[in-house]
Amino acid sequence: MSNSSSITEFLLLAFAETRELQLLQFWLFLAIYLAALLGNGLIIGAVACDHRLHTPMYFFLLNLSLLDIGSISTTVPKSMANSLWDTKAISYSGCAAQVFFLFFFFGAEYSLLTVMAYDRYVAICKPLRYGTLLGSRACVHMAAAAWGSGFLHALLHTANVFSLSLCHGNAINQFFCEIAQILKLSCSDDYLRESGLLVFSLTFAFGCFVFIVLSYVQIFRAVLRIPSEQGRHKAFSMCLPHLAVVSLFISSCMIAYLKPPSVSSPALDLVVAVLYSVVPAAVNPLIYSLRNQELKDALSKLIQWVHLQQQ
């Protein structure tokens with residue numbers, strides 16, 4: 001029997017027990033992590049350096065890339081280090097930091113995706129008021145609100161979870177410190193306080209989800225009224241990357257937290273956790289740049305400039 005005051009470290013779930021598979025997981029995560037850093041870093045550089053991309057849509061995309069770098073950097077490097085050094089340990093403070101930053105980055109990203117849905121709604125449904133509704137100050141305020149909401153949720157959940165008494169050991173059945181797994185270690189009914197906070201967060205998330213859905217209902221209605229096929233194609237091209245990112249983010253989180261307990265297993269939980277905590281950060285840059293000619297041109301110029309500086 002143990003409590004939170006006597007626990008100095010937690011033991012994370014390993015991807016594999018054999019040394020060969022541990023090293024394979026290290027190299028695989030390293031490749032994904034470098035791809036995420038490169039892709040998001042290029043988007044940040046392109047948006048910051050190209051004045052043609054100094055628009056609300058690309059300002060929010062820059063913020064999204066920063067959040068993606070933050071979220072994947074919270075879990076993947078520690079998992080890589082544990083696989084490389086053949087250990088499962090994470091310190092108590094390190095676990096608290098993981099919980100805080102995961103909630104911070106994921107909460108801020110979800111809020112930002114909601115703001116980006118509003119940006120697309122105004123651009124397509126109210127184009128004449130776009131400059132008024134989404135001026136520089138309004139964009140900064142909305143981005144700050146997204147980051148602030150993530151910080152508030154992270155602070156509340158982290159402070160609450162790590163004030164619980166832990167009576168069921170220190171082994172976490174996940175490759176990072178996940179609140180759902182930490183709650184399984186708590187004593188008796190102590191977890192009910194955190195459950196109340198989770199209900200609050202889920203209510204907030206559901207409100208954002210409804211806002212996104214309603215925004216896209218209005219967007220699709222407006223697009224279908226555009227007489228020219230070229231105009232409809234351009235409007236859809238503006239919205240599809242954001243819609244794909246939102247769908248990936250929401251679907252992966254729903255699979256992780258709403259799957260039936262009967263189909264749950266440590267191996268499946270690991271795969272699902274990778275799906276929602278690692279994959280989006282690496283895939284999002286590809287989704288946004290695939291059909292965006294402006295972004296492709298800016299990235300090409302940025303790469304050429306870097307290449308010339310190295311000569």
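Keep in mind that the numbers below use all heavy atoms, side chains included, and drop hydrogens, waters and symmetry copies.
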TODO: List for me each residue that meets ring pair (Phe, Tyr, Trp, His ring centres under 6.0 Å) alongside Phe211, sequence neighbours excluded, and say none if there are none.
DONE: none

- [ ] Please tell me if the side chains of Leu28 and Gln25 come closer than 4.5 Å, counting only heavy atoms from C-beta onward.
- [x] no

Task: Beyond-backbone contact of Ile69 with Ile44, side-chain heavy atoms, under 4.5 angstrom - done: yes

TODO: Could you grab the distance from atom CD1 of Ile43 to atom CG of Asn284, nearest 0.5 Å is fine?
DONE: 8.0 Å

TODO: With sequence neighbours left out, write down each residue that passes side chain to side chain contact (heavy atoms under 4.5 Å, CB included) with Val271, or none if nothing qualifies.
DONE: none

Task: Other residues, nucleotides, ligands: >12 heavy atoms within 6.0 Å of Arg232 CZ - done: yes

- [ ] Measure centre to centre between the rings of His242 and Tyr216, then say whether the value is under 6.0 Å.
- [x] yes

Open item on the list: More than 12 heavy atoms of other residues, nucleotides or ligands under 6.0 Å from CZ of Phe209: yes or no?
Closed with: no

Open item on the list: Within the structure provided, determine whether Phe10 and Ile172 are in side-chain contact (heavy-atom separation under 4.5 Å).
Closed with: yes

- [ ] State, with a plain yes or no, whether a side-chain heavy atom of Val99 is found less than 4.5 Å away from one of Phe162.
- [x] yes

Open item on the list: Does either side chain, that of Ser111 or that of Ser149, offer a donor lying less than 3.5 Å from an acceptor on the other one?
Closed with: yes

- [ ] Measure the spacing between CE of Met142 and CG of Leu133 and express it to the nearest 0.5 Å.
- [x] 8.5 Å

Open item on the list: So, taking the atom named CD1 in Ile182 and the one named CD in Gln98, what distance separates them when rounded to the nearest 0.5 Å?
Closed with: 9.0 Å

Open item on the list: Salt bridge check, Glu17 against Lys88: does any charged N sit closer than 4.0 Å to a carboxylate O?
Closed with: yes

Task: Ser79 side chain to Thr75 backbone, donor-acceptor under 3.5 Å - done: no

TODO: For the residue pair Glu9 and Asn170, confirm or rule out a side-chain donor-acceptor distance under 3.5 Å.
DONE: no

Open item on the list: Counting only heavy atoms not in Arg19 (residues, nucleotides, ligands), do more than 12 fall under 6.0 Å from its CZ?
Closed with: yes

- [ ] Please say whether more than 12 non-hydrogen atoms of neighbouring residues, nucleotides or ligands are located less than 6.0 Å from CZ in Phe151.
- [x] no

Open item on the list: Any donor-acceptor pair under 3.5 Å linking the side-chain atoms of Tyr130 with those of Asp119?
Closed with: yes

- [ ] Evaluate the ring planes of His153 and Phe200, with Trp represented by its six-membered ring, and classify them as parallel (under 30°), tilted (30 to 60°) or perpendicular (over 60°).
- [x] parallel

- [ ] Look only at the side chain of Ser73 and the backbone of Gly70, and say whether a donor-acceptor pair between them is shorter than 3.5 Å.
- [x] no

Task: Nonpolar side-chain network containing Leu21, other nodes, edges under 4.5 Å - done: Leu24

Open item on the list: Ring-plane angle category for Phe249 and Tyr110, please: parallel below 30°, perpendicular beyond 60°, tilted otherwise.
Closed with: parallel

Open item on the list: Just verifying a value: how many Å separate Ser83 OG and Leu23 CG, rounded to the nearest 0.5 Å?
Closed with: 8.0 Å

